Amino acid sequence: MSLWLLIGLPLLFLLGVFLNAIKDMKRIEKELPKYKDKIREVKDDEDDY
């Protein structure tokens with residue numbers, strides 16, 4: 001039984017982390033069009049490298 005706990009609990013934790021990340025990603029994708037006018041283009045200076 002303890003072997004199942006050692007294997008199962010970390011897997012459940014990782015599954016929860018991934019599901020939470022996917023849920024947050026979907027929420028951000030829905031909210032992003034509201035802020036589209038505030039996004040500015042970043043000019044990349046190639047001389048800095």
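What's counted below: heavy atoms across the whole structure, side chains too, no hydrogens, waters or symmetry copies. Everything numeric in this text was worked out from a predicted model, so none of it was measured.
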(message) Would Lys23 and Asn20 count as a side chain to side chain contact (heavy atoms under 4.5 Å, CB included) here? Give the steps.
(response) CA-CA 5 Å; Lys23 187 173 67 172; Asn20 196 18; 3.7 Å; yes
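- Scored by the side chain to side chain contact (heavy atoms under 4.5 Å, CB included) test, Ile7 finds Leu3, Leu11 as partners (sequence neighbours excluded).
- For Asp37, there are no side chain to side chain contact (heavy atoms under 4.5 Å, CB included) partners two or more places apart in sequence or in a different chain.
- Residue Ile22 belongs to no hydrophobic cluster, having no ILVMFWY side-chain heavy atom closer than 4.5 Å to its own.
- Remark: Glu31 pairs with Arg27 by the salt bridge (Lys or Arg N to Asp or Glu O under 4.0 Å) rule, at least two apart or across chains.
- Chaining together hydrophobic side chains whose heavy atoms lie under 4.5 Å apart places Leu15 alongside Leu19.
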